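Take this structure, written in structure tokens, and hold onto it; I'll ask about it next.
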Amino acid sequence: MKQVVSPMPEELAVVGSCCAAFNVRKASRVITRLYAEAFAPIGVEPTQFMLLVACARQETVTMGALAGRMSMDPSALARNITILERRGLVRIAPGADRRVRDISISAKGRKTLSRALPRWREVQTRLAERFGEDSFRSAVELMKGIARAGEALLDHPLS
């Protein structure tokens, strides 16, 4: 029978202090709560706001392309898009073939997005003021870089 060795407390302390997953998730939960509070009067969640933004930037977008752009699991994307469609904020239409669905933002979705954007700007401004303008911009660029590095690793899994 193999003996289980407990991890050393010092090693466990290192995990919490420098683990990318732990720290990114913690920051994500806090930041998501800030945006959720700001968007609550509008009735959209932060993820739904970002999906409306992505849809508004293009005439139409396929579910697959949107999932890739947002780095979202297709089932999570489908759940959120279904909610937005039920609320009349996006339209879903058959695409070029039966496997493809095209998404476009509706007039009601554009109006909702217009109401949410000032709240988004306010949260952005408050975060930048609290964190420091330059540090905030650098942090956003750093997160984009970390996302790109992670996506590259997903394309080439560790052995």
Side-chain angles (χ1 to χ4, degrees), residues 7 12 15-124 126-128 131 136-159:
L12 296 175
V15 170
S17 69
C18 69
C19 176
F22 172 78
N23 287 291
V24 166
R25 300 274 307 190
K26 183 177 179 180
S28 176
R29 285 188 293 272
V30 171
I31 299 301
T32 299
R33 280 187 11 230
L34 284 171
Y35 286 98
E37 287 177 12
F39 296 146
I42 309 297
V44 295
E45 294 291 326
T47 298
Q48 295 164 352
F49 168 80
M50 291 309 302
L51 290 171
L52 288 174
V53 168
C55 290
R57 292 186 68 200
Q58 295 182 260
E59 193 84 16
T60 62
V61 62
T62 66
M63 288 282 268
L66 188 54
R69 185 172 304 126
M70 302 291 290
S71 295
M72 283 183 79
D73 174 75
S75 63
L77 174 63
R79 277 191 307 276
N80 279 285
I81 289 295
T82 299
I83 292 167
L84 294 174
E85 181 187 35
R86 272 193 224 127
R87 293 187 55 215
L89 304 178
V90 298
R91 290 184 296 274
I92 301 175
D97 67 46
R98 290 192 291 162
R99 297 169 295 173
V100 177
R101 296 190 309 164
D102 291 332
I103 306 162
S104 59
I105 191 168
S106 68
K108 183 178 178 183
R110 287 188 188 283
K111 184 176 179 181
T112 299
L113 188 55
S114 292
R115 290 177 50 224
L117 276 167
R119 293 173 171 279
W120 173 83
R121 280 191 292 273
E122 182 182 341
V123 174
Q124 290 284 109
R126 289 176 56 209
L127 278 169
F131 197 58
F136 182 73
R137 269 192 297 279
S138 294
V140 169
E141 290 306 312
L142 184 62
M143 286 183 275
K144 290 180 193 176
I146 289 172
R148 284 190 299 272
E151 287 168 347
L153 288 173
L154 287 171
D155 291 341
H156 301 89
L158 303 173
S159 50

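Source: prediction; values computed, not measured.
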Taking C-beta and beyond as the side chain, do E45 and N80 meet within less than 4.5 Å on heavy atoms? no
Considering all heavy atoms, the nearest L113-A56 contact: CD2-CB, 3.6 Å
With a 4.5 Å cut-off on side-chain heavy atoms, are I105 and R91 touching? no
For the SG atom of C18 and the CG atom of N23, what is their distance to the nearest 0.5 Å? 8.0 Å
Student check: side-chain heavy atoms of I103 and T62 closer than 4.5 Å: no
Please find the pair of heavy atoms, one from P46 and one from A36, that lie closest to each other, and give the distance. CG-N, 3.5 Å
With the side chain counted from C-beta on, respond yes when D102 and V100 share a heavy-atom pair under 4.5 Å apart, and no when they do not. yes
With sequence neighbours left out, write down each residue that passes side chain to side chain donor-acceptor pair (under 3.5 Å) with Q124, or none if nothing qualifies. Y35
Considering all heavy atoms of both residues, which atom of A54 and which atom of M70 are nearest to each other, and what is their separation? CB-SD, 4.2 Å
Output for pair (R69 CZ, R57 CZ), nearest 0.5 Å, gives 7.5 Å
Atom of Q58, atom of V61 and distance for their closest heavy-atom approach: OE1-CG2, 3.7 Å
Look up atom CG in L52 and atom OG1 in T47, then write down how far apart they are to the nearest 0.5 Å. 11.0 Å
Under 4.5 Å between any side-chain heavy atoms of L89 and Q48, yes or no? no
I need the full list of side-chain hydrogen bond (donor to acceptor under 3.5 Å, both in side chains) pairs touching residues 105-122, with sequence neighbours left out, sorted by first then second residue. none
Please confirm whether F136 and F131 have ring centers closer than 6.0 angstrom. no
From OG (S138) to CE (M143), nearest 0.5 Å: 10.5 Å
Listed partners of E151 passing side chain to side chain donor-acceptor pair (under 3.5 Å), at least two apart: S71
State the CG-CG distance between L77 and L66, to the nearest 0.5 angstrom. 5.0 Å
Side-chain heavy atoms of F49 within contact of I42, under 4.5 Å: no
E37 versus P41, closest heavy-atom pair with distance: O-CD, 3.7 Å
